[in-house]
Novice: 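Quick one: the structure is below, and I'll ask about it shortly.
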Amino acid sequence: MPTTRAQCEQYDADDPLAFFREEFVLPEGVTYLDGNSLGALPRGAAARVAEMVETEWGQGLIRSWNDAGWFDKPSAVGERIAPLIGAEAGEVVVCDSTSVNLFKVFTAALGLRPDRKVVVSEASSFPTDLYMMEGATGLLDGYQRRLIAEGGLTVEQAIDEDVAVVVLSHVDYRTGRLHDMAAITELAHRHGALVVWDLCHTAGALPVRLGACRADFAVGCTYKYLNGGPGSPAFLYAAARHQDAAEQPLSGWHGHADPFAFTTDYRPADGITRFRCSTPHLLSYAPLEASLDVWERVDLGLLRAKSRRMTDLFIELVEQECAGFGLEIASPRAADDRGSQVAVRHADGYPVMRALIDRGVIGDFRAPDLMRFGFTPLYVRYVDVWDAVQVLREVLSTEAWRDARHAGRSRVT
Ligand SMILES: *Cc1c(COP(=O)(O)O)cnc(C)c1O
């Protein structure tokens, strides 16, 4: 029996997470399937920003560094992210960007394996991860990069006794393919290597257990599934067992053991604080704090169950409703192997996505031919999945995407 819209309505009526949608501002007439790039605005965010601006800054002025907890904000917010990624207290700090944090933990990890000169990553990694690794090893001597690739080196082949550090995205940003964090971390450790996990498409999309997997380091952004707002600060995880030996190179004063002693020489703080660099971008923490007020109430098991069901439904409906239009599902078929997004390949994916956006169905496009649809369980409904596929069918069957308006590339895809 083919799935119907009425069935999707019933799934929504039965959805234990449905009430979270009320916590977000979503524009009328929009089906938002790009929360994997920029999460939706939490309803509480504007008030929290206003409070920080008007009260903490406007009235408190410099006193707010102490009175409003500004100085400790990176660790305080880190404590709130920790349960979402399976970390313990004192293992997460929120500051800077994912790229910058990757540079810090990657270089610190290299320092923990000084006798090894091979670093491993994946050819299909989000490029900034590869670029930051290049930048870091370029400052040091004699490093060699080994890349895992489809049809090339496997993870098992790439990791041996020469490898210092492995950097991998838990969820692939294009296809949503999920790595087995426990198995790969164990494999790396068996060969004496350390692993840095990029959790940009994991945090807020599915639960992950960094501690139970014995992960060494991790980074991730908060503006995607965590809904922290454009440019919100990133998180950095360092396992407690590594912290005191790990030295990160961006030795700014906020990572110093005693920043207000203003000494001439750098001495890293104990614990996770040494991964801070400098004055936090405080206004960017405010919307994230409002979002974490929502996350505090989310059952991650239910979140994952809904995410699996929505992505399964989307794949099923694309095949049911859009057969014969040259689409190919580029994401893993098994929900176990997939994050919370589905990528669909089409030779004219860019104009097709532009035509979808024109009709209020917002996903995005990744070169050369992938349309990405993100399913954020807190505010996407099963009927949205249905409606999006109907619009996709309409765009393909009428060839509306051939309209000249959809041809030119925007700066940001
Ligand atoms: C989004 C994303 C980033 C973004 O890095 P920024 O430093 O925030 O620009 C990095 N890595 C992955 C895997 C991503 O998906």
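Keep in mind the model is a prediction, meaning the values are calculated, not measured. Remember, it's 1-based here, ligands and their atoms both numbered in the order they're listed. Along the sequence shown, residues are numbered consecutively beginning with 1.
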Novice: How close does the nearest protein non-hydrogen atom get to atom 11 (N) of ligand 1, and which residue and atom is it?
Specialist: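 The closest one turns out to be Asp198 OD2, 2.9 Å.
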Novice: Do the two ring centres, one from Phe71 and one from His254, sit under 6.0 Å apart?
Specialist: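 Between Phe71 and His254, the centre distance is under 6.0 Å.
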Novice: Are the ring centres of Phe260 and Trp253 closer than 6.0 Å?
Specialist: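 Distance test on ring centres: under 6.0 Å, yes.
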Novice: Does Leu102 approach ligand 1 within less than 4.0 angstrom via side chain, backbone, both or neither, non-hydrogen atoms only?
Specialist: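 The answer is neither.
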Novice: Test the Arg309-Tyr11 pair against the cation-pi criterion, namely NZ or CZ under 6.0 angstrom from the six-membered ring centroid and within 45° of the ring axis.
Specialist: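 That pair qualifies as a cation-pi contact.
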Novice: Under 4.0 Å from a heavy atom of His201: give me the atoms of ligand 1 that qualify, with their elements.
Specialist: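 Matching atoms, with element in brackets: 15 (O).
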Novice: For Ser97, take its heavy atoms, then give the atoms of ligand 1 lying under 4.0 Å from any of them.
Specialist: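 Ligand 1 atoms under the 4.0 Å threshold to Ser97: 7 (O).
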Novice: Taking non-hydrogen atoms only, is Thr98 closer than 4.0 angstrom to ligand 1 via side chain, backbone, both or neither?
Specialist: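 Both of them.
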Novice: Quick one: nearest non-hydrogen protein atom to atom 14 (C) of ligand 1, plus distance?
Specialist: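 Heavy-atom neighbour on the protein nearest atom 14 (C) of ligand 1: Lys224 NZ, 2.9 Å.
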Novice: Mark yes or no for whether Tyr285, through its side chain, and Val94, through its backbone, hold a donor-acceptor pair below 3.5 Å.
Specialist: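 Yes: the side chain of Tyr285 pairs with the backbone of Val94.
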Novice: Under 3.5 Å, is there a donor-acceptor pair between the side chain of Glu91 and the main chain of Ala240?
Specialist: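 Yes.
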Novice: Number the atoms of ligand 1 from 1 as they appear, then name those within less than 4.0 Å of a heavy atom of Asp129, with their elements.
Specialist: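 Counting atoms of ligand 1 from 1, those under 4.0 Å from Asp129 are 10 (C), 11 (N).
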Novice: For Arg274, does its backbone N or O pair with a side-chain atom of Gln248 as donor and acceptor, under 3.5 Å?
Specialist: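 At least one qualifying donor-acceptor pair exists.
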Novice: Could you list the atoms of ligand 1 found under 4.0 angstrom from a heavy atom of Ser169?
Specialist: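 Checking each atom against Ser169, I get 13 (C).
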Novice: Residue-level breakdown please: for Cys200 versus ligand 1, do any non-hydrogen atoms fall below 4.0 Å on the side chain, on the backbone, on both, or on neither?
Specialist: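 It is the side chain that gets close, since no backbone atom is under 4.0 Å.
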Novice: If you have a sec, work out which protein heavy atom is nearest atom 4 (C) of ligand 1 and how many Å separate them, to one decimal?
Specialist: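 Scanning the protein heavy atoms, the shortest distance from atom 4 (C) of ligand 1 goes to Tyr223 OH, 3.2 Å.
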Novice: Which label fits Phe375 and Phe314: parallel for a plane angle under 30°, tilted from 30 to 60°, or perpendicular past 60°?
Specialist: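 Because their plane-to-plane angle lies in the 30° to 60° range, the rings of Phe375 and Phe314 count as tilted.
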Novice: Heavy atom of Ala234 under 4.0 Å from ligand 1?
Specialist: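 The answer is no, since Ala234 has no heavy atom less than 4.0 Å from ligand 1.
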Novice: Could you identify the single nearest non-hydrogen protein atom to atom 7 (O) of ligand 1 and state the distance to 0.1 Å?
Specialist: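 Among all protein heavy atoms, the one nearest atom 7 (O) of ligand 1 is Ser99 OG, 2.6 Å.
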Novice: Hey, are Thr185 and Trp197 close enough side-chain-wise for a donor-acceptor pair under 3.5 Å?
Specialist: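 The answer is yes; a qualifying pair exists.
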